Amino acid sequence: MGEPELAGVTVGLIGAGNIAHVHVAAWQALGARLLVHSHAGAAELAAEYGLEVADSLDALFAAVEFVDIVTPSATHKEITLAAIKAGRDVICEKPLTLTAADSRELSEAATAAGVRIYPAHVVRFFPEYVAAHEAVVAGKIGKVAVARFFRQASSPAERGWYRDVARSGGVIMDLMVHDLDQARWICGEVTSVYAVQSPPTVDGISPVNVAAHVTLTHEGGAISHLRATWGAGGTPFKTGFSIAGSSGLLEYASDQDTGFAEELQDNASTGDLLIPASTLFESPYLTQLRELAAALRGGPETRVVADDGIAAVYLAEAARESMETGRTVDMNTFTPGVSA
Amino acid sequence: MKVAIASFAHTHAGSYADLLSGMPDIEVLSSDPDGAAAPDAGPRGAELASKFGVPYVDSYDELFAWGPDAVVVTSENALHRGLVERAAAVGAHVLCEKPLATEVADGEAMIAACEAAGVILMVAYPVRFAPSYGRLRAMVEAGRLGDVFAVVGTNNGKIPYDQRQWFTDAALAGGGALVDHTVHCADLIDGLTGGAEAVRVYAAANRVLHQDKGVSVETGGLVTITYDNGLLATIDCSWSMPDNGPTWGGVTLQVTGTNGSVEIAPFLQHVGGTNADGEVFLPVGGNLDALMLTEFLTAARASVPGSELVVPQPDGFVGLRTLRIVDAARRSALSGQPVDLP
């Protein structure tokens, strides 16, 4: 049985910010027809890529098979609920919402309405992370013992809505949420969370330059450490991991072994600091959207489902709870918003 | 100058013996009376001294009666205190293998004993002498990183099990990987901050690695430290270099400030490749032990009776600050909650 045909599918893109450009390129490569609706920037995005603009969400819903939500995090809930109400399946940028309770509400509403929602945890489609996951699952390094993940980027908090923790969730919810998902995917379900942020968030405003360190303990005995950094302006985007198991070690850093080393004097590449240039055979964003869209058209189930998006947000909330209380959060009893 | 080596329990004793016996104007005498009872496969005691090419006496009584000017203490961690106190009692300067001790009270007593005797107490943290660390420290001190707000350190090596079994004996070592490997990175951070005190320490530890060897101490650990100046640091102290890895392991320190970051890996410089045994790793760094010993001996030579004490770094206070972190990490790993330090 072949993959469902995607060429000609009509997709509704909601949002026209940074990540929209990457999604548009992927959808167009897959042969999709795109309608875009956005609070701002829809016309410009449409003009740049030759898209159609929908003047309202309802007009968009009426014209598309499913939607791809790439708006700021705090708007995900409302837009997803509207899509569910309109009977449209949803692909939603991470984090699914800013609280696990909201994410669960979306999942339940989707189930009740007979539609599906997929959180876009794109790192599950990056081949290095896929390779590590497959090696661990195949027992190539034995039992996972100690893992480290890191992710750093030039701080987006110098501009836009990222600094407002109520809207972005801060550096853990916005950036580390990828590695919270990875740690769970590779090391197993999480039993406890300890988190510290430096400098701390004050009055709901994140520092521009900030690092969060989170330590997780996992069912099965593994421990993991996650670092997410919003670095000084100009900090190159960089991620990596080290996964030590009882019979081996897996290591990766995105600036090593890329197979492409540039040394230009004039006109050197500057690149996008948030979404770096890649030498991969295929954009992981394209791989992701192909798999999610195929599932929505009757293909096989995806490697990431709504429950994974909920779990990642739940872990980010636990991390924030730990930062605020200075205590370890027990995931068997954690209820967001209620201090132990 | 007369330099005594007290015990061959720590594998670094061989490196110090080799370096000291090659130095002009240094007389060396060694003793390893507990070696015969140790459950290690290789030679200890007089036989090992002869392999190292250093003179040997059978008892610590003879060693200290020799009247050493300086003593290098390379015993099991839990036995450091007794030997340091004996060295201080004969007026000898001390270079003590890391960690300073297994208990904070022992470390405090060792500092007090050396202060009372007017002798140097230096702790053997050789990574401090790595050129990459020197560059990093100079950049931090010159403000080139801006305000430093976060550090991640790793000290991942092979389990030191084959050569010396006491490293995995909780009574003699004070614990496992948390004790053996947290302190090097903690020392490097101490040097960058000018001795900031840890105020909160959280550690997660486990025993997943090396269970095939029946090891009862922790073999993996992650230690997160908040300092009194606000700095956040995490140290991965796991013995996670596989037994068949191409090198013993290494140290990294990734330091982030408001103007960017620096990552050092003092043991990374090497020539790589492949041969019949697999991966080749030919280290090309210099001898950090030699730099450290020179620092110690230079200070010891200058600190003759009657003149002011020249205190080399890292000193006993660095040893104590880093020991407090280890002790808090051990308690945190047991309780599952962070430990606040007064």
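Lettering of chains follows the sequences in order, A, B, ..., and the numbering in each one begins at 1. Small disclaimer: the values here were computed from a predicted structure and weren't measured. For the numbers below, each heavy atom of this structure counts, side chains included, while hydrogens, waters and symmetry mates do not.
- Of the two parts of B:Arg200, only the side chain, counted from C-beta on, holds a non-hydrogen atom closer than 4.5 Å to a non-hydrogen atom of chain A.
- By the neighbour-count criterion of 12 heavy atoms within 6.0 Å, atom NZ of A:Lys140 is sparsely surrounded, having that number or fewer from other residues, nucleotides or ligands.
- Of the atoms belonging to B:Gln211, not a single heavy atom falls under 4.5 Å from chain A.
- For B:Arg135, the CZ atom counts as loosely surrounded, since its 6.0 Å shell holds 12 or fewer non-hydrogen atoms of other residues, nucleotides or ligands.
- The OG atom of B:Ser238 lies 10.5 Å from the CG atom of A:Leu249; values are rounded to the nearest 0.5 Å.
- The environment of B:Asp212 atom CG is dense: over 12 non-hydrogen atoms of other residues, nucleotides or ligands sit within 6.0 angstrom.
- In this structure, chain A has a heavy atom under 4.5 Å from the backbone of B:Val151, while its side chain stays farther away.
- Looking at every heavy atom in both residues, A:Ser198 comes nearest to B:Leu232 through CB-CB, 3.5 Å.
- Around CD of B:Glu197, the count of heavy atoms belonging to other residues, nucleotides or ligands within 6.0 Å exceeds 12.
- Atom CG of B:Asp147 is surrounded by 12 or fewer heavy atoms from other residues, nucleotides or ligands within 6.0 Å.
- In this structure, chain A has a heavy atom under 4.5 Å from the side chain of B:Asn156, while its backbone stays farther away.
- Taken to the nearest 0.5 Å, the CG atom of B:Leu222 stands 8.0 Å off from the CZ atom of A:Arg148.
- With a 4.5 angstrom heavy-atom cutoff, A:Val144 touches chain B only via backbone atoms.
- Distance OG/B:Ser240 to CD1/A:Ile141: 10.5 Å, rounded to 0.5 Å.
- Both the backbone and the side chain of A:Arg327 come within contact range of chain B, judged by heavy atoms closer than 4.5 Å.
- No other option in B:Thr154, B:Asp340, B:Asn244 has as many heavy-atom pairs under 4.5 Å with chain A as B:Thr154.
- With a 4.5 Å cut-off on non-hydrogen atoms, B:Thr234 touches chain A through its backbone and its side chain both.
- To the nearest 0.5 Å, atoms CG (B:Asn206) and NZ (A:Lys143) are separated by 8.5 Å.
- Both the backbone and the side chain of B:Thr258 come within less than 4.5 Å of a heavy atom of chain A.
- Interface check for chain B: of the options A:Gly248, A:Ala244, A:Gly231, A:Gly326, the most heavy-atom pairs under 4.5 Å are formed by A:Gly326.
- The two atoms that bring B:Gly220 and A:Val146 nearest to each other are CA-CG2, 3.8 Å, heavy atoms only.
- Only the backbone of B:Asn259 has a heavy atom closer than 4.5 Å to any heavy atom of chain A.
- With a 4.5 angstrom heavy-atom cutoff, A:Ser247 does not touch chain B via any of its atoms.
- For B:Ser332, no part lies near chain A; criterion is any non-hydrogen pair under 4.5 Å.
- Residues A:His213 and B:Thr224 bring no donor and acceptor atom of their side chains to less than 3.5 Å of each other.
- A pairwise comparison of heavy atoms in B:Phe149 and A:Ala211 identifies CE1-N, 3.5 Å as the closest pair.
- Atom CD of B:Gln254 is separated from atom OG1 of A:Thr229 by 6.0 Å, given to the nearest 0.5 angstrom.
- The contact between B:Ala233 and chain A is made entirely by backbone atoms, counting heavy-atom distances below 4.5 Å.
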Query raised in the report: So A:Thr328 and B:Tyr202, side chain to side chain contact (heavy atoms under 4.5 Å, CB included) or not? Walk me through it.
Result: CA-CA 9 Å; A:Thr328 306; B:Tyr202 170 79; 3.3 Å; yes
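- Put simply, OG1 on A:Thr215 and CG on B:Asp236 are 10.0 Å apart, with the number rounded to the nearest 0.5 Å.
- Heavy atoms of other residues, nucleotides or ligands lying less than 6.0 angstrom from CD of B:Gln269 number 12 at most.
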